[in-house]
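Throughout, protein chains are lettered first and strands after them, A, B, ... in sequence-line order, and every chain is numbered starting at 1. Owing to the predicted nature of the structure, the values given are computational and were not obtained by experimental measurement.
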Amino acid sequence: MDRSESLDGVPVEVREEYAELLMGSVDVLPEGELLRQLLRARSENRPLRVKLGVDPTTPDLHLGHTVVLRKLAQFQKYGHTVVLIIGDYTGKVGDPSGRSKTRPQLPDEVLAANAKTYREQAAKILDMDKVELTYNGDWLGPLRMDEVLRLTATVTVARMLERDDFSRRYLANEPVSMLEFMYPLLQGYDSVAVRADIELGGTDQKFNLLMGRTIMEAYGLPPQSILTVPLLVGTDGEQKMSKSYGNYIGVTDEPEDMFGKVMSIPDSLMVTYWSLLTGAGTREVESLEKGLADGSYHPAEAKRDLAQRLVALYHSDAAAVAARSHFDRVFKEKDRPVEIPEAPLPEEAVQNGLVWLPRLLTSLGLAPSNGEARRLIQQGGVRVDDAVVQDPATEMEADSLRGTVIQVGKRRFLRVV
RNA sequence: GGGGGGGUGCCCGAGUGGCCAAAGGGAGCAGACUGUAAAUCUGUCGGCGCAGCCUACGGAGGUUCAAAUCCUCCCCCCCCCA
């Protein structure tokens, strides 16, 4: 977007605030509105109400979710009020988006549990003491039919079909349920309920966010402005980060795992991750880019630093350092990790004092089936005390196994005790 | 209500009587290589102590020496017309 609007007469503090809020944002609409809001908020000494709605459909947040949370944290930093809406109601109905399969309707207990972990995990980024936390079931649940109808009357079908994924699916003969049409309306109604000044979301939410404006106007309220942040690309470097694509890095991932996953992103994604996930400032990101470009900053080093920084954010500096040395040890020097998890020799794997290797792997959980274990062995992916074993018929004496380290692939180790 | 098109392995998708545990792609997994769990290449990719057997192509029956493929009924999904 064009961000060259004149800042003449804008106080320096607001310029700074504005610049930081724009950083990393994709759409900030309508043009110039956010700046006006910031100025007004300042002159009236009234913080902006910044809305984010989340559906508690997954128990764990991943780094993709944190992009928008970081943006919220910036608003918070400047004294604005973050209004976090847990979509317990919308989650309960079950959004069938994208698939013909109806998404299972989540039971209350699951939603409540998800909401709880969401709060805990969001607390790593936001100051939750200052967040206004709400549940949209509080106002959507009691809505009467006539009120629902009033809501539906505010938007036309043609308008709905402007939404890219709706029209695309519609043209492709894929189902679009009425329920899905309701989602943007309910989300917009949330904005009415909390009197939002601005709503944040991923770029995929642009339509819904704009719908909030329409609906607020229909309810006689000043329409919110909207700010979108980029969707984070997952570790595969292609699709957006999502649990269902298996390309996600969870904020609760163990330090070593998180470190490793970060190391698996394509180089081309590094700068993006730095700027969207670490809270690094513009200057820091620029010098990093420069270093990578002129060769003074080795990409492998940059990625390690990135991984370390992210682990530090969600765990601790110590854990981050440990994860890094673990990674270097195991992958760079192809050595064993210092700490190897231990597991007792499973009884069921022992027959007449002998242990058949594939069965050992499955019973230790290192392979899902004997067939898979066989393949791993044949492909040279299994080591017993550093020695590759390639014969799937291998049998070993149970007693001799105790204390040995079983390795599957490059990164799974287990010591039999 | 009428007409048409579909339901295949984790996902997408080919297959219309045997050569089909089912092409191809993606994901996953393993190996090689590398600064990396990047990229690339190779292999593998239902289960079973596996040169064999079992289970599988929406569900249930049936025809056949033989069915994902043909028939019957049922369930589910999509589109068009009304």
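On the C1' atoms, A27(B) is 8 Å away from C10(B), given to the nearest whole Å. Across the P atoms, G2(B) and C74(B) are found 14 Å apart, a figure rounded to whole Å. Distance check on atom P: C65(B) versus G5(B) gives 31 Å, rounded to whole Å. Taking the P atoms as reference points, A30(B) lies 14 Å from A39(B), given to the whole Å. Distance check on atom C1': G18(B) versus G24(B) gives 23 Å, rounded to whole Å. Between C76(B) and A60(B), the two C1' atoms lie 15 Å apart (nearest whole Å). Comparing the C1' positions of G9(B) and G15(B) gives a spacing of 14 Å, expressed to the nearest Å. The separation of A67(B) from C54(B), taken at their P atoms, amounts to 13 Å, rounded to a whole angstrom.
Of the candidates G35(B), C29(B), C45(B), the closest approach to any side-chain atom of Lys303(A) belongs to G35(B). For Arg411(A), the listed nucleotide lying nearest its side chain is A30(B); candidates were A30(B), G47(B), G35(B). For Asn370(A), taking side-chain heavy atoms from C-beta onward, the closest of the listed nucleotides C50(B), A30(B), U44(B) is C50(B). In this structure, of C29(B), A37(B), G49(B), it is C29(B) that holds the atom nearest to the side chain of Leu376(A). Comparing C48(B), G43(B), C45(B) by their nearest atom to the side chain of Gln379(A) picks out G43(B). Checking U36(B), G47(B), A38(B) against the side-chain heavy atoms of Phe327(A) singles out U36(B) as nearest. For Ala300(A), whose side chain is taken as the heavy atoms from C-beta onward, the closest listed nucleotide among U44(B), G35(B), A38(B) is G35(B).
Within 4.0 Å (heavy atoms only), Ala393(A) reaches at least one base atom of the nucleic acid. At a threshold of 4.0 angstrom between heavy atoms, the contacts of Glu372(A) are confined to the sugar-phosphate backbone, with no base atom among them. Across all strands shown, Leu269(A) has no heavy atoms under 4.0 Å from either base or sugar-phosphate atoms. Nucleic acid contact for Pro266(A): sugar-phosphate only, since backbone atoms but no base atoms lie under 4.0 Å from a heavy atom of the residue. Here Gly371(A) lies in heavy-atom contact (under 4.0 Å) with a base. Using a 4.0 Å heavy-atom criterion, one finds that Gly409(A) contacts the sugar-phosphate atoms exclusively.
Rounded to a whole Å, the CD1 atom of Ile377(A) is 14 Å from the P atom of C50(B). Atom P of nucleotide G43(B) and atom CD of Gln390(A) are separated by 16 Å, given to the nearest angstrom. Computed from coordinates, the Leu361(A) CG to G49(B) P distance equals 13 Å when rounded to whole Å. What separates CD of Gln378(A) from P of C50(B) is a distance of 13 Å, to the nearest Å. One interatomic measurement links the two molecules: CD1 of Ile249(A) to P of A37(B), which rounds to 15 Å at whole-angstrom precision. Note: CZ (Arg375(A)) to C1' (G47(B)) measures 9 Å, nearest angstrom. In this structure, NE2 of His326(A) is placed 14 Å from C1' of U36(B), rounded to the nearest angstrom. Here the C1' atom of nucleotide A38(B) and the CG atom of Leu292(A) are 14 Å apart, to the nearest Å.
Geometrically, Lys303(A) does not engage Tyr273(A) in a cation-pi contact defined by less than 6.0 Å to the ring centre and at most 45° from the axis.
Residue Glu342(A) places its CD atom among more than 12 non-hydrogen atoms of other residues, nucleotides or ligands, all under 6.0 Å distant. Counting non-hydrogen atoms of neighbouring residues, nucleotides and ligands closer than 6.0 angstrom, the CD atom of Glu348(A) exceeds 12 such neighbours. For Glu147(A), the CD atom counts as densely surrounded, since its 6.0 Å shell holds more than 12 non-hydrogen atoms of other residues, nucleotides or ligands.
Pairing for C57(B) is absent, with no Watson-Crick or G-U wobble pair whose two atom distances lie under 3.5 Å. In this structure, G18(B) forms a base pair with C65(B), meeting either the Watson-Crick or the G-U wobble geometry with both donor-acceptor distances under 3.5 Å. Pairing for G1(B) is with C81(B), a Watson-Crick or G-U wobble pair whose two hydrogen-bonding atom distances lie under 3.5 Å. Remark: A32(B) base-pairs with U40(B); criterion is Watson-Crick or G-U wobble with both hydrogen-bond distances under 3.5 Å.
Both Arg359(A) and Ser264(A) sit near RNA chain B, but only Ser264(A) has its closest nucleotide nearer the 5' end. Residues Pro368(A) and Met263(A) both approach RNA chain B. Their nearest nucleotides, taken by heavy-atom distance, put Met263(A) toward the 5′ side.
Phosphate proximity of A30(B) to Arg374(A): absent, as no side-chain N or O sits under 4.0 Å from OP1 or OP2. The phosphate of G31(B) (OP1 or OP2) has a side-chain N or O of Lys410(A) nearer than 4.0 angstrom. Between Ser369(A) and G46(B) there is no side-chain N or O to OP1 or OP2 distance below 4.0 Å.
A salt bridge does not link Arg49(A) to Asp197(A): none of the charged side-chain nitrogens sits closer than 4.0 Å to a carboxylate oxygen. Looking at Glu347(A) and Arg359(A), no side-chain N of the basic residue comes within less than 4.0 Å of a carboxylate O on the acidic one, giving no salt bridge. Salt-bridge formation is not detected for the pair Lys77(A)/Asp127(A): no Lys NZ or Arg NE/NH1/NH2 atom is positioned less than 4.0 Å from an Asp or Glu carboxylate oxygen.
Judged by distance alone, with hydrogens and angles left aside, Glu395(A) brings a side-chain donor or acceptor within reach of the base of G49(B), the pair sitting under 3.5 Å. With hydrogens and angles left out, the side chain of Asp328(A) and the base of G35(B) share no donor-acceptor pair within 3.5 Å.
Below 30°, between 30° and 60°, or above 60°: for Phe327(A) and Phe259(A) the angle between ring planes is between 30° and 60°, a tilted geometry.
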